[in-house]
Number of protein chains: 2
Amino acid sequence: MSRSNVSYHHGNLAVALEEAALALLVEEGSSALSLRAVARRAGVSHNAPYHHFGDRQGLLKSVAARGLRDLLAAMVTARDSTSSPKQRLLAASFAYVDFASENRPLFELIFDPEICNPKEPNPVTGPLIEANDEFLAETVRAALPQETAETDVRTTAAALWGAVHGLAVLVSTQHLDASVVRPGLESLLELRFLE
Amino acid sequence: MSRSNVSYHHGNLAVALEEAALALLVEEGSSALSLRAVARRAGVSHNAPYHHFGDRQGLLKSVAARGLRDLLAAMVTARDSTSSPKQRLLAASFAYVDFASENRPLFELIFDPEICNPKEPNPVTGPLIEANDEFLAETVRAALPQETAETDVRTTAAALWGAVHGLAVLVSTQHLDASVVRPGLESLLELRFLE
DNA sequence: ACGCCTATCTTGGCATTGACAAGATACTTG
DNA sequence: CAAGTATCTTGTCAATGCCAAGATAGGCGT
């Protein structure tokens with residue numbers, strides 16, 4: 001399956017291009033993320049990506065999907081590192097903010113409405129968005145009283161997601177200092193959601 | 001001061017360009033916001049903007065500053081439409097979310113870290129960012145018990161800003177439904193901040 | 001009033017980019 | 001082994017951001 005690096009047919013170009021794009025995103029920022037630069041970095045011609053991704057947005061969507069997977073994985077890991085439902089919710093929230101701060105360009109890509117639009121269904125990003133929604137709802141549900149109605153769970157989850165996302169954005173863009181995240185989230189979370 | 005529309009020297013190009021950019025942003029979205037398109041719309045040559053704004057980012061920063069002014073004005077108006085400190089805080093928050101939903105491209109421009117970076121001081125956007133911070137702190141302070149320490153005011157303001165901003169972003173990008181804003185914010189605000 | 005001066009605007013040009021078209025190459029399947 | 005197809009390349013085009021140089025006009029001192 002894996003073939004010579006110098007063969008005409010790359011053999012794994014789609015993946016290689018995604019990784020080149022990710023590397024460029026990390027090293028040079030999103031402004032350097034041109035299709036041609038990605039192709040150059042992967043060592044192929046400027047038009048090679050089109051066969052695999054259709055257009056620029058196609059590649060970006062794949063990269064965003066990869067980022068979404070990583071974000072979800074980070075939250076799952078963080079959540080599963082404790083047992084108390086409330087601590088699990090807090091841990092996942094911190095993981096979210098940390099991910100945004102440590103991968104700002106990727107985080108921005110994930111929430112770029114031109115790339116990941118939850119309303120127009122996309123086979124690559126769509127399922128991941130749903131998986132994140134579900135993870136959030138589950139984690140919140142576990143922290144609420146058992147008899148809580150599903151509607152209330154969803155409302156609470158939405159409010160919480162908003163708070164966590166907002167802090168993540170404002171901290172990662174340096175509008176807020178990172179030191180406010182912990183006290184801020186704790187004050188918001190210790191409210192009335194959790195027993 | 002105002003001169004003929006057809007004269008060689010426009011007389012008010014900077015403002016005209018800002019307005020053309022805003023119009024393009026509203027009508028065509030941020031992807032259509034090229035310097036040349038703005039110049040075309042203003043009826044001048046493709047290089048006329050450079051004298052006034054230096055480069056593309058310069059123009060965008062001016063547009064973002066205009067947006068920041070509008071956002072602040074909307075919040076002030078909303079806040080001053082009621083008298084109870086808590087209702088004033090709620091009203092300003094809703095105005096923030098509404099502004100984001102009704103002016104998504106402009107809102108994105110305002111919080112684009114390439115355009116409005118709070119860390120590298122900018123004479124046009126910097127003071128406005130501070131004014132918004134101050135407005136937020138004041139409005140929060142009025143809603144907290146009088147003896148609240150300034151540090152706590154700032155922390156609370158940061159947490160609240162995060163929650164409001166996150167809801168604004170997620171709603172305006174359609175990740176969340178607008179119907180969650182009111183119950184979400186109210187549940188977050190009725191917590192422990194307000195007497 | 002006259003002429004220079006400078007801010008303002010235009011034309012021309014260059015490198016880069018996203019996208020399309022057509023050709024070259026190599027894997028694969030019958 | 002030959003035909004077919006997926007993959008990759010070269011060539012090209014319009015659009016864009018920006019730089020350089022020229023054109024125009026309003027303001028200034030004399």
Side-chain angles (χ1 to χ4, degrees), chain A residues 1-25 27-64 105 109 112-115 117, chain B residues 1-25 27-64 105 108-109 112-115:
Chain A
M1 201 61 66
S2 73
R3 38 194 89 284
S4 154
N5 284 340
V6 290
S7 77
Y8 190 93
H9 281 48
H10 185 288
N12 223 2
L13 228 204
V15 174
L17 286 171
E18 284 179 17
E19 284 167 359
L22 246 172
L24 273 177
L25 200 58
E27 294 171 19
E28 318 263 353
S30 60
S31 59
L33 198 57
S34 75
L35 261 190
R36 290 168 105 107
V38 172
R40 275 194 298 271
R41 176 148 193 146
V44 292
S45 79
H46 65 261
N47 261 4
Y50 282 92
H51 185 76
H52 296 277
F53 297 102
D55 62 355
R56 185 184 132 97
Q57 283 210 357
L59 172 56
L60 297 191
K61 281 176 185 171
S62 285
V63 175
L109 198 63
D112 183 336
E114 305 279 319
I115 304 301
N117 189 326
Chain B
M1 200 60 68
S2 75
R3 38 194 89 282
S4 153
N5 283 341
V6 288
S7 78
Y8 190 94
H9 282 49
H10 185 288
N12 223 2
L13 228 204
V15 174
L17 286 171
E18 284 178 17
E19 284 167 359
L22 244 172
L24 273 177
L25 200 58
E27 295 171 17
E28 318 264 352
S30 60
S31 60
L33 200 58
S34 75
L35 261 190
R36 289 168 107 106
V38 171
R40 274 194 298 271
R41 176 146 192 147
V44 293
S45 80
H46 66 261
N47 262 3
Y50 283 92
H51 184 75
H52 297 276
F53 296 101
D55 62 355
R56 185 185 132 97
Q57 283 209 358
L59 173 57
L60 296 191
K61 281 175 184 169
S62 285
V63 175
E108 280 169 12
L109 196 63
D112 183 336
E114 304 281 320
I115 304 301

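Between B:Ser34 and D:dT16 there is a side-chain polar atom (N or O) within less than 4.0 angstrom of OP1 or OP2. Phosphate proximity of D:dC8 to A:His52: present, with a side-chain N or O under 4.0 Å from OP1 or OP2. Of the side-chain N and O atoms in B:His51, one or more sit less than 4.0 angstrom from OP1 or OP2 of C:dT8. Between B:Arg40 and C:dT10 there is no side-chain polar atom (N or O) within less than 4.0 angstrom of OP1 or OP2.
Counting heavy atoms from C-beta on, the side chains of A:Pro113 and B:Glu108 come closer than 4.5 Å.
Taking the side chain to side chain donor-acceptor pair (under 3.5 Å) definition, one finds that A:Arg56 meets it with nothing, sequence neighbours left out.
The interatomic distance linking B:Leu13 (CG) with D:dT24 (C1') rounds to 14 Å, in whole Å. Put simply, CZ on A:Phe53 is 11 Å from P on D:dC8, counting in whole angstrom units. Separating the CG atom of B:Leu33 from the C1' atom of D:dG17 is a distance of 13 Å, rounded to the nearest angstrom. Taking atom OH of residue B:Tyr50 and atom P of nucleotide C:dG12, one finds them 17 Å apart after rounding to whole Å. Between the CG atom of A:Asn12 and the C1' atom of D:dT7 there is a distance of 13 Å, given to the nearest Å. For the pair B:Leu35 CG and D:dC18 P, the interatomic distance rounds to 6 Å; values are reported in whole Å.
For the atom pair CG of A:Leu60 and CD of A:Glu18, the computed distance is 11.0 Å after rounding to the nearest 0.5 Å.
Residue pairs meeting the salt bridge (Lys or Arg N to Asp or Glu O under 4.0 Å) criterion with at least one member in residues 40-50 of chain A, sequence neighbours excluded, are A:Glu27-A:Arg41.
The two residues A:Ser45 and A:Ala39 have their closest heavy-atom pair at O-CB, 3.3 Å.
Screening A:Leu13, A:Asn12, A:Leu17 for a side-chain contact (heavy atoms from CB on, under 4.5 Å) involving A:Val15 leaves a single residue, A:Asn12.
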Show me the protein contacts with nucleotides 11-14 of chain D, counting only N or O atoms at under 3.5 Å.
residue	atom	partner	partner atom	Å
D:dG11	O6	A:His46	NE2	2.9
D:dG11	O6	A:Asn47	ND2	3.1

